[in-house]
Amino acid sequence: MGSTFEVNRRDLVKRAAALGILAVPAMGALSSCATGGGGASDQGTKNKGATSAKNPLGVKNGVPLEAFIFKGGLGDQYAKDAEADYHKTYGTTVKHTGTQQIGPKLQPRFAGGNPPDVIDNSGADHLDMNKLSAQGQLQDLTPLLDAPSVDDPKKKVRDTLYPSTLEKGKHKDTFDVFYYAFTVYGTWYSNKLLKDRGWQYPTSFDEMISLCAEIKKAGIAPWTYPGHYPYYVHFNMFAQIAKIGGLDKWIAIDNLEPHAWTSNDAVKQVVGHYEELAAKGYFLAGSQGMTHIQSQTAWTRGKAAFIPNGSWVENEAAPTTPPDFDMAVGPLFNGGSGDKMPHGTLRAEPSEPFIVAKGGKNPVGGMELLRIMLSKKHAQNFATKVKSLTSVRDATDGMHLSPGLASAAKAVKAGGQNLLMIQLQEWYPQLTDEKLGGITSQLLTGELKAADWIKKAQSYADAIAKDDSVTKFHRSA
């Protein structure tokens with residue numbers, strides 16, 4: 001978003017940041033010049049050495065490793081630390097590049113058949129993984145999943161992960177994207193602000209509207225958001241629709257089914273809630289012109305009470321966050337007695353996509369670097385350095401965590417089985433970030449009514465569904 005963007009680094013970013021706005025159009029050149037798998041497909045086993053208990057994937061001695069890591073809100077030191085352990089174990093050099101321009105730097109290299117081995121494919125300028133996968137340029141990571149974990153040789157890597165990690169990383173039936181971080185999306189706020197004012201975090205839409213009135217009377221804006229990247233609002237909006245209407249109806253939206261938006265009453269309720277927030281002036285003036293950093297800074301400086309965001313925000317907003325801010329994230333709001341999912345439901349899903357290039361010189365080494373990163377040591381190092389969870393389950397148990405990360409971890413525990421994963425932003429970023437982002441901007445400034453937003457959203461989704469040039473994905477209920 002990914003995001004992980006400096007923008008949608010994680011996710012989707014993704015997080016979701018301008019997921020594909022810059023990178024996707026440029027992929028036309030890659031599509032016409034790429035090897036499409038061809039000879040590159042042999043590289044998956046070409047540089048494989050002998051396997052052993054200590055080297056289960058068969059890293060070949062003497063083959064250098066090259067890593068391209070997105071250097072956004074998470075930085076890249078966590079990757080350098082894992083690379084140091086790789087070097088110590090195998091004695092081979094690791095060439096590291098930290099950058100925010102993954103796509104511009106690597107599109108020519110994929111087209112030329114000389115990509116780096118392992119890539120943290122995040123940020124606004126990320127590569128189009130859907131096209132790379134369709135072209136056969138991504139390494140199948142199933143051997144990594146089936147390898148023994150670093151911490152317990154009796155346990156496979158796949159058994160140490162949140163199950164959604166396995167689902168999210170698939171293109172068709174091939175697991176070729178590894179989402180390393182585990183991002184908690186939701187409504188972020190300052191515990192100190194709420195406690196000092198005697199306010200309680202709302203449990204329902206009705207309570208939120210009532211509290212917003214109190215907050216506005218106190219001279220504080222209830223909400224802010226990054227108008228330059230309005231899809232940040234979708235982090236909450238989409239999950240809220242799934243919480244109220246049920247995951248099965250959200251999956252219909254993920255799958256671009258006809259009438260999925262217009263026939264879902266939860267869509268009407270949720271989008272209508274945002275229309276009401278806008279009509280009552282509950283967004284900070286000027287939010288529509290802000291970047292993610294500007295909106296976060298306004299929030300940490302007390303100009304607004306709530307912000308839609310992902311758990312990377314604690315690290316990203318650290319320079320402007322007061323020491324006693326006590327950052328926290330709350331679960332999704334209740335819509336009413338007809339909600340399909342219980343209070344405590346949360347959007348929490350794998351993010352920060354790593355890929356291994358099949359055409360790299362050392363794809364086996366790329367998978368091994370990921371295996372090292374999935375050890376408890378490096379999962380905890382990630383949590384310490386960037387204040388974020390990883391896809392390794394319970395890796396932070398027993399650790400002293402920063403306020404935002406502790407709140408996120410607590411919310412995940414409380415959510416239990418009710419953790420939502422939204423695929424639409426990952427699969428169709430041009431739909432969610434450009435098309436829906438545009439009408440969301442209009443919704444939040446009062447220029448567009450909820451009913452018109454829904455009609456336009458359905459028409460945009462239908463257009464993508466009919467566009468044969470867009471790779472389609474399907475999610476089972």
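Values reported hereafter were calculated over all heavy atoms of this structure, with side chains retained and with hydrogens, waters and symmetry mates removed.
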Side chain proximity check, Val63 to Tyr90, heavy atoms < 4.5 angstrom: no

Worked verdict on Glu316 versus Ile293 for side-chain contact (heavy atoms from CB on, under 4.5 Å): CA-CA 8 Å; Glu316 192 169 67; Ile293 297 298; 3.9 Å; yes

Salt-bridge present (Arg475, Asp254; N to O < 4.0 Å): yes

Gln135 vs Phe110, side-chain contact (heavy atoms from CB on, under 4.5 Å): CA-CA, chis, key distance, verdict: CA-CA 11 Å; Gln135 293 165 352; Phe110 269 97; over 6 Å; no

Where Leu346 and Gly330 come nearest, the two heavy atoms and their spacing: CD1-O, 4.0 Å

Euclidean distance, Lys376 NZ relative to Thr390 OG1, rounded to 0.5 Å: 11.0 Å

Evaluation steps, side chain to side chain donor-acceptor pair (under 3.5 Å), between Thr321 and Thr300: CA-CA 5 Å; Thr321 303; Thr300 55; 4.8 Å; no

Donor-acceptor side-chain pairing of Asn315 and Ser388 below 3.5 angstrom: no

Salt-bridge criterion met for Asp394 and Lys413 (N-O under 4.0 Å): yes

Any Ser311 side-chain heavy atom under 4.5 Å of Thr183 side chain: yes

Side-chain heavy-atom pair Gln288, Leu444 within 4.5 angstrom cut-off: no

Proximity of Phe354 and Phe68 rings by center, below 6.0 Å: no

Closest non-hydrogen atom pair, Leu405 against Ala383: CD2-O, 3.7 Å

Ser407 side chain to Pro403 backbone, donor-acceptor under 3.5 Å: no

Nearest-0.5 Å distance that lies between atom CD in Gln380 and atom CG in Leu389: 11.5 Å

Donor-acceptor pair, side chain of Glu368 and main chain of Val59, under 3.5 angstrom: no

Option passing side chain to side chain contact (heavy atoms under 4.5 Å, CB included) with Phe238 (candidates Ile253, Leu436, Val270): Leu436

N/O donor-acceptor pair under 3.5 Å between Glu349 side chain and Ile422 backbone: yes

Sidechain-backbone polar pair: Asp151 side chain, Ser375 backbone, donor-acceptor under 3.5 Å: no

Validation row: Leu420, Leu247 side chains within 4.5 angstrom (heavy atoms): yes

Asp117 side chain vs Leu65 backbone, donor-acceptor pair below 3.5 Å: no

Tyr78 (side chain) donor-acceptor with Met373 (main chain) under 3.5 angstrom: no

Aromatic contact, His171 with Phe473 (centres under 6.0 Å): yes

Under 3.5 Å donor-acceptor, Asp125 side chain and Ile102 backbone: no

Test log, rule ring-ring contact (aromatic ring centres under 6.0 Å, His included), inputs Phe325 and Trp299: CA-CA 10 Å; Phe325 190 77; Trp299 171 62; 5.1 Å; yes

Lys385 atom NZ: more than 12 heavy-atom contacts under 6.0 Å: yes

Validation row: Phe70, His126 side chains within 4.5 angstrom (heavy atoms): no

Flag, side chain of Ser391 to backbone of Ala181, donor-acceptor distance under 3.5 Å: yes

Residue Lys472 excluded, over 12 heavy atoms near NZ under 6.0 Å: yes

Minimal non-hydrogen separation, Asp85 against His378, with atom names: OD2-NE2, 2.8 Å

Close side-chain approach of Phe178 and Leu161, heavy atoms under 4.5 Å: yes

Test item: Gln296 side-chain N/O and Val313 main-chain N/O as donor-acceptor pair under 3.5 Å: no

Side chain to side chain, Asn121 and Met129, heavy atoms closer than 4.5 Å: yes

Nearest non-hydrogen partners of Ile251 and Ser476, listed with the distance: CD1-O, 3.6 Å

Ser133-Asp176 side chain donor-acceptor pair, cut-off 3.5 Å: yes

Side-chain heavy-atom pair Gln240, Lys243 within 4.5 angstrom cut-off: yes

Minimal non-hydrogen separation, Trp427 against Asn130, with atom names: O-ND2, 3.1 Å

Salt-bridge contact Glu83-Lys80 (side-chain N to carboxylate O under 4.0 Å): no

Aromatic Tyr179 / basic Lys168 pairing, under 6.0 angstrom, 45° off normal: yes

Evaluation steps, side chain to side chain donor-acceptor pair (under 3.5 Å), between Ser149 and Asp159: CA-CA 9 Å; Ser149 69; Asp159 297 326; over 6 Å; no

His234-Thr432 side chain donor-acceptor pair, cut-off 3.5 Å: no

From CA spacing to verdict: side-chain contact (heavy atoms from CB on, under 4.5 Å), Asp120, Tyr180: CA-CA 9 Å; Asp120 172 15; Tyr180 183 63; over 6 Å; no

Residues Arg158, Asp146: salt bridge by 4.0 Å N-O rule: yes

Candidate pair Lys60 and Val364, rule side-chain contact (heavy atoms from CB on, under 4.5 Å), full reasoning: CA-CA 8 Å; Lys60 188 174 183 179; Val364 174; over 6 Å; no

Contact summary for Ala395 and Met399, nearest pair of heavy atoms: O-SD, 4.2 Å

Whether Asn309 side chain and Tyr232 backbone form a donor-acceptor pair below 3.5 Å: no

